[in-house]
Enquirer: 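This is the structure I want to talk about, given as C-alpha coordinates.
For ligands, and for the atoms within them, numbers begin at 1 and follow the listed sequence. Values in this document were obtained by computation on a predicted structure and should not be read as measured data.
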Amino acid sequence: MNNIETADLHATFPDDFVWGVATSAYQIEGAADQDGKGLSIWDTFCRQPGVIADNSNGDIACDHYHRWEEDLDMIAGLGVDAYRFSVSWPRVRPGGSGDWNEAGLAFYERLVDGLLARGIKPYLTLNHWDLPDELQAGGGWANRATVDRFVEYALGIAYRLGDKVVSIATHNEPWVVAVLGHESGVFAPGIKNRQTAIQVSHHLLLSHGLALQALRESGCKASLGIVLNLSPMHAASDAPADLAKTRLEDGRLLRWYMDPLFKGRYPQDILDDLGDDAPVVHAGDMRAIATAMDFLGVNYYSRSVVSADKPWDVHSSGRDVTDMGWEVYPEGLTELLVRLHRDYPVPPLYVTENGGAFKDQLSDGRIHDTGRTDYIQRHIAAMADAMREGVRMGGYMVWSLMDNFEWASGYEKRFGIVHVDYDTQIRTLKDSARWYRDFLGRQKIKRSSGQ
Ligand code: IFM
(Lines give C-alpha, C1' and ligand atoms only; values in the text may rest on other atoms or scores of the structure.)
Protein backbone atom coordinates (compact mmCIF):
# COMPACT_ATOMS: atom_id res chain seq x y z
CA MET A 1 0.00 0.00 0.00
CA ASN A 2 1.29 3.43 -0.89
CA ASN A 3 2.21 5.62 2.04
CA ILE A 4 -0.61 8.12 1.36
CA GLU A 5 -3.04 5.33 0.75
CA THR A 6 -4.12 4.39 4.22
CA ALA A 7 -7.38 2.75 5.24
CA ASP A 8 -8.24 6.13 6.74
CA LEU A 9 -7.96 7.78 3.30
CA HIS A 10 -10.22 5.20 1.67
CA ALA A 11 -12.72 5.45 4.51
CA THR A 12 -13.02 9.22 3.97
CA PHE A 13 -14.72 8.78 0.61
CA PRO A 14 -18.39 7.81 0.74
CA ASP A 15 -19.59 4.98 -1.50
CA ASP A 16 -21.29 7.41 -3.89
CA PHE A 17 -18.16 9.55 -4.33
CA VAL A 18 -17.56 9.92 -8.08
CA TRP A 19 -14.08 9.23 -9.45
CA GLY A 20 -13.40 10.26 -13.00
CA VAL A 21 -11.15 11.46 -15.77
CA ALA A 22 -11.66 14.60 -17.86
CA THR A 23 -11.03 15.94 -21.36
CA SER A 24 -12.44 18.64 -23.65
CA ALA A 25 -13.60 18.57 -27.25
CA TYR A 26 -11.08 20.82 -28.99
CA GLN A 27 -8.17 19.28 -27.10
CA ILE A 28 -8.83 15.68 -28.20
CA GLU A 29 -11.39 15.31 -30.97
CA GLY A 30 -9.65 16.44 -34.16
CA ALA A 31 -11.91 16.07 -37.23
CA ALA A 32 -11.97 19.84 -37.22
CA ASP A 33 -13.83 20.19 -40.51
CA GLN A 34 -15.55 16.83 -40.85
CA ASP A 35 -19.20 15.80 -41.01
CA GLY A 36 -20.49 19.33 -41.16
CA LYS A 37 -18.61 20.81 -38.20
CA GLY A 38 -18.25 24.61 -38.34
CA LEU A 39 -15.13 26.53 -37.40
CA SER A 40 -14.54 27.48 -33.78
CA ILE A 41 -12.56 30.47 -32.54
CA TRP A 42 -9.73 28.06 -31.69
CA ASP A 43 -9.63 26.72 -35.27
CA THR A 44 -9.18 30.30 -36.43
CA PHE A 45 -6.87 31.47 -33.64
CA CYS A 46 -4.40 28.62 -34.20
CA ARG A 47 -3.96 29.77 -37.81
CA GLN A 48 -2.29 32.99 -36.62
CA PRO A 49 1.49 32.66 -36.74
CA GLY A 50 3.25 32.58 -33.39
CA VAL A 51 0.27 32.20 -31.07
CA ILE A 52 0.75 28.47 -30.38
CA ALA A 53 4.17 27.40 -29.03
CA ASP A 54 4.73 24.63 -31.57
CA ASN A 55 2.57 26.21 -34.30
CA SER A 56 0.16 23.31 -33.98
CA ASN A 57 -3.63 23.17 -33.82
CA GLY A 58 -6.47 20.81 -32.95
CA ASP A 59 -7.13 19.62 -36.51
CA ILE A 60 -6.23 16.04 -35.60
CA ALA A 61 -5.32 16.16 -31.89
CA CYS A 62 -5.96 12.66 -30.45
CA ASP A 63 -8.30 11.79 -33.32
CA HIS A 64 -10.86 10.93 -30.66
CA TYR A 65 -13.70 11.68 -33.09
CA HIS A 66 -12.74 8.51 -34.95
CA ARG A 67 -11.27 6.53 -32.05
CA TRP A 68 -13.96 7.19 -29.46
CA GLU A 69 -14.87 3.50 -29.02
CA GLU A 70 -11.29 2.48 -28.33
CA ASP A 71 -11.03 5.45 -25.95
CA LEU A 72 -14.20 4.47 -24.10
CA ASP A 73 -12.83 0.94 -23.65
CA MET A 74 -9.67 2.48 -22.24
CA ILE A 75 -11.66 4.67 -19.85
CA ALA A 76 -13.69 1.67 -18.74
CA GLY A 77 -10.44 -0.23 -18.15
CA LEU A 78 -9.40 2.40 -15.61
CA GLY A 79 -12.43 1.55 -13.48
CA VAL A 80 -13.63 5.15 -13.16
CA ASP A 81 -17.22 6.03 -12.30
CA ALA A 82 -17.42 9.05 -14.61
CA TYR A 83 -16.05 10.66 -17.73
CA ARG A 84 -16.10 14.44 -18.04
CA PHE A 85 -16.08 15.66 -21.65
CA SER A 86 -17.26 18.72 -23.52
CA VAL A 87 -19.45 19.20 -26.56
CA SER A 88 -18.05 21.23 -29.43
CA TRP A 89 -20.73 23.86 -30.07
CA PRO A 90 -19.74 24.34 -33.75
CA ARG A 91 -19.89 20.57 -34.31
CA VAL A 92 -23.54 20.44 -33.30
CA ARG A 93 -24.64 23.90 -34.49
CA PRO A 94 -21.98 25.07 -36.93
CA GLY A 95 -22.79 28.76 -37.02
CA GLY A 96 -23.89 29.01 -33.39
CA SER A 97 -27.41 29.80 -34.59
CA GLY A 98 -29.53 28.46 -37.42
CA ASP A 99 -29.39 24.83 -38.49
CA TRP A 100 -28.27 22.04 -36.20
CA ASN A 101 -25.83 19.43 -37.52
CA GLU A 102 -27.32 15.96 -37.10
CA ALA A 103 -23.96 14.22 -37.63
CA GLY A 104 -22.47 16.18 -34.74
CA LEU A 105 -25.39 15.48 -32.42
CA ALA A 106 -25.26 11.80 -33.37
CA PHE A 107 -21.56 11.67 -32.46
CA TYR A 108 -22.25 12.84 -28.91
CA GLU A 109 -25.24 10.54 -28.65
CA ARG A 110 -23.03 7.57 -29.60
CA LEU A 111 -20.44 8.72 -27.09
CA VAL A 112 -22.97 9.06 -24.27
CA ASP A 113 -24.66 5.74 -25.12
CA GLY A 114 -21.22 4.13 -25.26
CA LEU A 115 -20.41 5.45 -21.79
CA LEU A 116 -23.70 4.24 -20.37
CA ALA A 117 -23.24 0.82 -21.96
CA ARG A 118 -19.90 0.58 -20.13
CA GLY A 119 -21.40 1.69 -16.81
CA ILE A 120 -19.68 5.10 -16.87
CA LYS A 121 -21.55 8.27 -15.88
CA PRO A 122 -21.42 11.03 -18.54
CA TYR A 123 -20.49 14.48 -17.14
CA LEU A 124 -21.04 16.98 -19.95
CA THR A 125 -19.63 20.50 -20.27
CA LEU A 126 -21.31 22.83 -22.77
CA ASN A 127 -18.61 25.45 -23.23
CA HIS A 128 -14.97 24.47 -22.98
CA TRP A 129 -13.93 27.55 -25.00
CA ASP A 130 -14.59 26.54 -28.64
CA LEU A 131 -17.18 29.17 -29.52
CA PRO A 132 -18.50 29.01 -33.11
CA ASP A 133 -16.41 31.40 -35.19
CA GLU A 134 -19.50 32.86 -36.79
CA LEU A 135 -20.66 34.12 -33.40
CA GLN A 136 -17.25 35.73 -32.88
CA ALA A 137 -17.73 37.58 -36.14
CA GLY A 138 -20.78 39.15 -34.50
CA GLY A 139 -18.83 40.14 -31.37
CA GLY A 140 -18.69 36.76 -29.60
CA TRP A 141 -19.07 36.80 -25.82
CA ALA A 142 -18.78 40.60 -25.82
CA ASN A 143 -22.15 40.74 -27.57
CA ARG A 144 -25.14 40.19 -25.27
CA ALA A 145 -26.93 38.33 -28.10
CA THR A 146 -24.46 35.42 -27.63
CA VAL A 147 -26.10 34.84 -24.24
CA ASP A 148 -29.36 33.97 -26.04
CA ARG A 149 -27.53 31.75 -28.52
CA PHE A 150 -25.94 29.88 -25.60
CA VAL A 151 -29.31 29.29 -23.94
CA GLU A 152 -30.61 27.84 -27.23
CA TYR A 153 -27.52 25.65 -27.48
CA ALA A 154 -27.98 24.40 -23.90
CA LEU A 155 -31.61 23.54 -24.59
CA GLY A 156 -30.73 21.78 -27.85
CA ILE A 157 -28.17 19.58 -26.10
CA ALA A 158 -30.52 18.88 -23.21
CA TYR A 159 -33.29 17.96 -25.65
CA ARG A 160 -31.01 15.35 -27.21
CA LEU A 161 -28.94 14.18 -24.22
CA GLY A 162 -30.46 15.65 -21.08
CA ASP A 163 -32.13 12.44 -19.95
CA LYS A 164 -28.93 10.41 -20.43
CA VAL A 165 -26.16 12.53 -18.93
CA VAL A 166 -25.71 12.73 -15.17
CA SER A 167 -24.46 16.28 -15.09
CA ILE A 168 -24.29 19.40 -17.26
CA ALA A 169 -21.78 22.17 -16.56
CA THR A 170 -22.48 25.37 -18.44
CA HIS A 171 -18.97 26.82 -18.69
CA ASN A 172 -15.47 25.63 -18.02
CA GLU A 173 -13.32 28.33 -16.42
CA PRO A 174 -15.03 31.57 -17.45
CA TRP A 175 -12.04 33.49 -16.04
CA VAL A 176 -9.86 31.95 -18.76
CA VAL A 177 -12.29 32.91 -21.53
CA ALA A 178 -12.56 36.45 -20.21
CA VAL A 179 -9.00 37.23 -19.13
CA LEU A 180 -6.77 35.05 -21.30
CA GLY A 181 -9.09 35.35 -24.29
CA HIS A 182 -9.99 39.05 -24.08
CA GLU A 183 -7.58 40.88 -21.74
CA SER A 184 -4.11 39.37 -22.25
CA GLY A 185 -5.21 37.86 -25.57
CA VAL A 186 -2.97 34.81 -25.30
CA PHE A 187 -5.95 32.51 -25.91
CA ALA A 188 -8.66 32.68 -28.57
CA PRO A 189 -10.09 35.00 -29.70
CA GLY A 190 -6.91 36.96 -28.94
CA ILE A 191 -8.49 40.29 -27.91
CA LYS A 192 -6.56 42.66 -25.60
CA ASN A 193 -9.02 44.97 -23.90
CA ARG A 194 -9.86 44.93 -20.19
CA GLN A 195 -13.30 46.47 -20.58
CA THR A 196 -14.23 43.84 -23.17
CA ALA A 197 -12.91 41.10 -20.90
CA ILE A 198 -15.07 42.29 -18.01
CA GLN A 199 -18.17 42.49 -20.19
CA VAL A 200 -17.41 39.00 -21.48
CA SER A 201 -17.20 37.67 -17.91
CA HIS A 202 -20.62 39.19 -17.18
CA HIS A 203 -22.16 37.64 -20.29
CA LEU A 204 -20.66 34.25 -19.47
CA LEU A 205 -22.13 34.37 -15.97
CA LEU A 206 -25.47 35.61 -17.26
CA SER A 207 -25.65 32.90 -19.91
CA HIS A 208 -24.88 30.35 -17.19
CA GLY A 209 -27.77 31.55 -15.02
CA LEU A 210 -30.27 31.86 -17.86
CA ALA A 211 -29.29 28.45 -19.25
CA LEU A 212 -29.80 26.88 -15.84
CA GLN A 213 -33.27 28.42 -15.60
CA ALA A 214 -34.18 27.29 -19.12
CA LEU A 215 -32.86 23.77 -18.53
CA ARG A 216 -34.83 23.43 -15.31
CA GLU A 217 -38.00 24.77 -16.95
CA SER A 218 -37.52 22.23 -19.77
CA GLY A 219 -37.62 19.42 -17.22
CA CYS A 220 -33.94 18.47 -17.61
CA LYS A 221 -33.07 16.07 -14.80
CA ALA A 222 -29.29 16.31 -15.05
CA SER A 223 -27.42 17.89 -12.17
CA LEU A 224 -26.57 21.48 -13.20
CA GLY A 225 -23.63 23.72 -12.35
CA ILE A 226 -20.53 25.56 -13.53
CA VAL A 227 -16.77 24.88 -13.37
CA LEU A 228 -14.36 27.56 -12.08
CA ASN A 229 -10.56 27.66 -12.04
CA LEU A 230 -9.59 28.77 -8.56
CA SER A 231 -6.45 28.98 -6.48
CA PRO A 232 -5.45 30.50 -3.18
CA MET A 233 -3.55 33.77 -3.47
CA HIS A 234 -0.72 34.17 -0.98
CA ALA A 235 1.05 37.46 -0.44
CA ALA A 236 4.80 37.32 -1.06
CA SER A 237 5.33 39.31 2.16
CA ASP A 238 3.41 41.15 4.89
CA ALA A 239 4.14 44.48 3.22
CA PRO A 240 0.87 46.42 2.90
CA ALA A 241 1.33 46.76 -0.87
CA ASP A 242 1.71 42.98 -1.30
CA LEU A 243 -1.33 42.33 0.89
CA ALA A 244 -3.44 44.84 -1.03
CA LYS A 245 -2.43 43.37 -4.38
CA THR A 246 -3.20 39.87 -3.10
CA ARG A 247 -6.70 40.91 -2.06
CA LEU A 248 -7.21 42.48 -5.49
CA GLU A 249 -6.04 39.38 -7.37
CA ASP A 250 -8.17 37.14 -5.17
CA GLY A 251 -11.09 39.41 -5.99
CA ARG A 252 -10.45 39.18 -9.71
CA LEU A 253 -10.05 35.42 -9.80
CA LEU A 254 -12.32 34.05 -7.10
CA ARG A 255 -14.73 36.63 -5.67
CA TRP A 256 -15.59 38.06 -9.14
CA TYR A 257 -17.20 34.70 -9.93
CA MET A 258 -18.17 33.28 -6.53
CA ASP A 259 -19.87 36.45 -5.22
CA PRO A 260 -22.36 36.85 -8.11
CA LEU A 261 -23.03 33.09 -8.28
CA PHE A 262 -23.69 32.71 -4.56
CA LYS A 263 -24.43 36.23 -3.27
CA GLY A 264 -25.99 37.84 -6.32
CA ARG A 265 -23.56 40.78 -6.53
CA TYR A 266 -20.11 41.67 -7.80
CA PRO A 267 -17.51 42.47 -5.12
CA GLN A 268 -17.55 46.23 -4.51
CA ASP A 269 -13.76 46.59 -4.17
CA ILE A 270 -13.29 45.09 -7.63
CA LEU A 271 -16.03 47.25 -9.14
CA ASP A 272 -14.28 50.28 -7.59
CA ASP A 273 -10.98 49.16 -9.03
CA LEU A 274 -12.52 48.67 -12.48
CA GLY A 275 -14.02 52.15 -12.57
CA ASP A 276 -15.24 52.82 -16.12
CA ASP A 277 -14.38 49.25 -17.13
CA ALA A 278 -17.15 47.85 -14.89
CA PRO A 279 -19.64 45.75 -16.84
CA VAL A 280 -22.99 46.92 -18.18
CA VAL A 281 -25.51 45.03 -16.05
CA HIS A 282 -29.23 44.99 -16.85
CA ALA A 283 -32.03 44.76 -14.30
CA GLY A 284 -32.55 41.12 -13.35
CA ASP A 285 -29.09 39.95 -14.49
CA MET A 286 -27.69 39.42 -11.02
CA ARG A 287 -30.73 37.45 -9.87
CA ALA A 288 -30.40 35.20 -12.93
CA ILE A 289 -26.68 34.64 -12.30
CA ALA A 290 -27.41 33.56 -8.74
CA THR A 291 -29.81 30.79 -9.83
CA ALA A 292 -29.27 27.86 -7.46
CA MET A 293 -26.89 25.15 -8.68
CA ASP A 294 -26.72 21.43 -7.95
CA PHE A 295 -22.92 21.33 -7.91
CA LEU A 296 -19.89 23.56 -8.24
CA GLY A 297 -16.88 22.29 -10.18
CA VAL A 298 -13.45 23.44 -9.03
CA ASN A 299 -10.37 23.09 -11.23
CA TYR A 300 -7.27 23.24 -9.08
CA TYR A 301 -3.65 23.14 -10.16
CA SER A 302 -1.59 25.43 -7.93
CA ARG A 303 -1.52 28.48 -5.68
CA SER A 304 -0.31 31.95 -6.60
CA VAL A 305 2.22 34.04 -4.75
CA VAL A 306 1.49 37.72 -5.27
CA SER A 307 3.88 40.68 -5.09
CA ALA A 308 2.90 44.28 -5.65
CA ASP A 309 5.79 44.85 -8.05
CA LYS A 310 5.29 41.84 -10.34
CA PRO A 311 2.55 41.00 -12.82
CA TRP A 312 0.35 38.26 -11.42
CA ASP A 313 0.62 34.73 -12.74
CA VAL A 314 0.45 31.22 -11.37
CA HIS A 315 4.20 30.89 -10.97
CA SER A 316 5.90 31.12 -7.62
CA SER A 317 9.28 30.26 -6.28
CA GLY A 318 10.93 27.86 -3.94
CA ARG A 319 9.12 24.54 -4.33
CA ASP A 320 8.79 21.89 -7.03
CA VAL A 321 7.04 23.01 -10.17
CA THR A 322 5.38 21.06 -12.97
CA ASP A 323 6.37 21.37 -16.61
CA MET A 324 3.99 24.35 -16.84
CA GLY A 325 6.08 26.09 -14.18
CA TRP A 326 3.17 25.78 -11.73
CA GLU A 327 4.13 25.13 -8.11
CA VAL A 328 3.12 21.74 -6.67
CA TYR A 329 1.07 22.88 -3.68
CA PRO A 330 -1.49 20.28 -2.58
CA GLU A 331 -2.31 22.00 0.71
CA GLY A 332 -3.71 24.85 -1.38
CA LEU A 333 -6.52 22.53 -2.47
CA THR A 334 -7.50 21.90 1.15
CA GLU A 335 -7.34 25.61 1.89
CA LEU A 336 -9.42 26.49 -1.17
CA LEU A 337 -12.15 23.91 -0.60
CA VAL A 338 -12.47 24.80 3.08
CA ARG A 339 -12.69 28.49 2.21
CA LEU A 340 -15.43 27.94 -0.40
CA HIS A 341 -17.37 25.87 2.12
CA ARG A 342 -16.88 28.52 4.83
CA ASP A 343 -17.51 31.71 2.82
CA TYR A 344 -20.30 30.67 0.44
CA PRO A 345 -23.52 28.59 0.58
CA VAL A 346 -22.10 26.09 -1.89
CA PRO A 347 -23.75 22.91 -3.17
CA PRO A 348 -21.57 19.76 -3.22
CA LEU A 349 -18.15 20.54 -4.68
CA TYR A 350 -16.39 18.48 -7.32
CA VAL A 351 -12.73 18.72 -8.19
CA THR A 352 -13.48 18.67 -11.90
CA GLU A 353 -9.83 19.00 -12.94
CA ASN A 354 -6.56 18.28 -11.19
CA GLY A 355 -3.31 16.96 -12.57
CA GLY A 356 0.06 17.99 -13.85
CA ALA A 357 2.13 18.38 -16.99
CA PHE A 358 5.43 16.56 -16.66
CA LYS A 359 8.13 15.59 -19.14
CA ASP A 360 7.47 11.93 -19.87
CA GLN A 361 9.82 9.36 -21.29
CA LEU A 362 8.63 6.22 -22.94
CA SER A 363 11.06 3.36 -22.32
CA ASP A 364 10.32 -0.28 -23.09
CA GLY A 365 6.67 0.56 -23.46
CA ARG A 366 6.36 2.08 -19.98
CA ILE A 367 6.24 5.64 -18.67
CA HIS A 368 7.36 5.93 -15.09
CA ASP A 369 5.74 9.30 -14.38
CA THR A 370 6.47 9.41 -10.68
CA GLY A 371 6.06 13.20 -10.58
CA ARG A 372 2.50 13.03 -11.90
CA THR A 373 1.58 10.02 -9.73
CA ASP A 374 2.88 11.79 -6.65
CA TYR A 375 1.02 14.97 -7.64
CA ILE A 376 -2.31 13.15 -7.98
CA GLN A 377 -1.87 11.15 -4.78
CA ARG A 378 -1.05 14.23 -2.74
CA HIS A 379 -4.00 16.18 -4.12
CA ILE A 380 -6.42 13.34 -3.39
CA ALA A 381 -5.07 13.29 0.15
CA ALA A 382 -5.48 17.09 0.36
CA MET A 383 -9.10 16.80 -0.80
CA ALA A 384 -9.67 14.14 1.88
CA ASP A 385 -8.29 16.58 4.46
CA ALA A 386 -10.91 19.13 3.36
CA MET A 387 -13.64 16.51 3.66
CA ARG A 388 -12.54 15.73 7.20
CA GLU A 389 -12.97 19.44 7.91
CA GLY A 390 -16.61 19.17 6.83
CA VAL A 391 -16.49 20.10 3.13
CA ARG A 392 -19.17 18.28 1.09
CA MET A 393 -17.35 16.76 -1.89
CA GLY A 394 -19.11 14.89 -4.66
CA GLY A 395 -16.20 13.73 -6.80
CA TYR A 396 -12.71 14.08 -8.23
CA MET A 397 -11.63 13.99 -11.88
CA VAL A 398 -8.06 13.75 -13.12
CA TRP A 399 -6.99 16.19 -15.81
CA SER A 400 -6.44 14.62 -18.14
CA LEU A 401 -7.41 11.20 -19.43
CA MET A 402 -4.76 11.45 -22.14
CA ASP A 403 -2.13 13.82 -23.50
CA ASN A 404 -3.79 16.41 -25.71
CA PHE A 405 -3.63 19.86 -27.29
CA GLU A 406 -2.67 22.15 -24.41
CA TRP A 407 -3.94 25.40 -25.97
CA ALA A 408 -1.18 28.00 -26.45
CA SER A 409 1.40 25.38 -25.39
CA GLY A 410 0.37 23.11 -28.26
CA TYR A 411 1.46 19.49 -27.83
CA GLU A 412 4.60 20.37 -25.89
CA LYS A 413 2.95 19.90 -22.50
CA ARG A 414 1.59 16.52 -21.54
CA PHE A 415 -1.12 16.32 -18.85
CA GLY A 416 -2.40 12.82 -19.64
CA ILE A 417 -2.30 9.78 -17.40
CA VAL A 418 -2.33 8.00 -20.76
CA HIS A 419 0.47 8.75 -23.22
CA VAL A 420 -0.48 9.58 -26.81
CA ASP A 421 1.98 9.03 -29.65
CA TYR A 422 0.76 11.70 -32.07
CA ASP A 423 2.36 9.97 -35.09
CA THR A 424 0.67 6.62 -34.57
CA GLN A 425 -2.16 7.63 -32.20
CA ILE A 426 -1.15 4.72 -29.97
CA ARG A 427 -2.30 5.19 -26.38
CA THR A 428 -0.13 3.83 -23.54
CA LEU A 429 -1.12 3.82 -19.89
CA LYS A 430 1.45 5.72 -17.82
CA ASP A 431 2.27 4.56 -14.29
CA SER A 432 -0.07 7.27 -12.97
CA ALA A 433 -2.98 5.64 -14.84
CA ARG A 434 -2.00 2.25 -13.48
CA TRP A 435 -1.85 3.64 -9.96
CA TYR A 436 -5.22 5.40 -10.35
CA ARG A 437 -6.79 2.19 -11.69
CA ASP A 438 -5.42 0.19 -8.76
CA PHE A 439 -6.47 2.85 -6.26
CA LEU A 440 -10.02 2.83 -7.64
CA GLY A 441 -9.99 -0.97 -7.53
CA ARG A 442 -9.22 -0.85 -3.82
CA GLN A 443 -11.89 1.82 -3.36
CA LYS A 444 -14.40 -0.56 -4.99
CA ILE A 445 -13.37 -3.42 -2.72
CA LYS A 446 -13.94 -1.09 0.23
CA ARG A 447 -17.39 -0.21 -1.15
CA SER A 448 -18.44 -3.80 -1.63
CA SER A 449 -17.12 -4.86 1.75
CA GLY A 450 -19.35 -2.21 3.34
CA GLN A 451 -16.45 -0.73 5.39
O1 IFM B 1 -5.88 21.89 -20.41
C2 IFM B 1 -6.47 22.80 -19.55
C3 IFM B 1 -7.98 22.64 -19.56
O4 IFM B 1 -8.50 22.77 -20.84
C5 IFM B 1 -8.63 23.67 -18.68
N6 IFM B 1 -8.04 23.69 -17.37
C7 IFM B 1 -6.61 23.71 -17.27
C8 IFM B 1 -6.01 22.62 -18.14
C9 IFM B 1 -4.47 22.64 -18.01
O10 IFM B 1 -3.96 23.87 -18.43
Enquirer: Please examine the side chains of V21 and I75, heavy atoms only from C-beta on, and report whether any two atoms are closer than 4.5 Å.
Expert: yes

Enquirer: How far apart are the closest heavy atoms of A357 and M324, and which atoms are they?
Expert: CB-CG, 3.8 Å

Enquirer: Hey, which residues fall under 4.0 Å of ligand 1 on heavy atoms?
Expert: Q27, H128, W129, N172, E173, Y301, W326, E353, W399, E406, W407, F415

Enquirer: Got a salt bridge between D277 and R194, using NZ or NE/NH1/NH2 to carboxylate O under 4.0 Å?
Expert: yes

Enquirer: Hey, is R378 close enough to E5 for a salt bridge, meaning N to O under 4.0 Å?
Expert: no

Enquirer: Consider side-chain hydrogen bond (donor to acceptor under 3.5 Å, both in side chains). Of W399, Y300, Y396, which one does N354 pass it with?
Expert: Y396

Enquirer: What I want to find out is whether D273 reaches R247 closely enough, with some N-O distance under 4.0 Å, to be called a salt bridge.
Expert: no

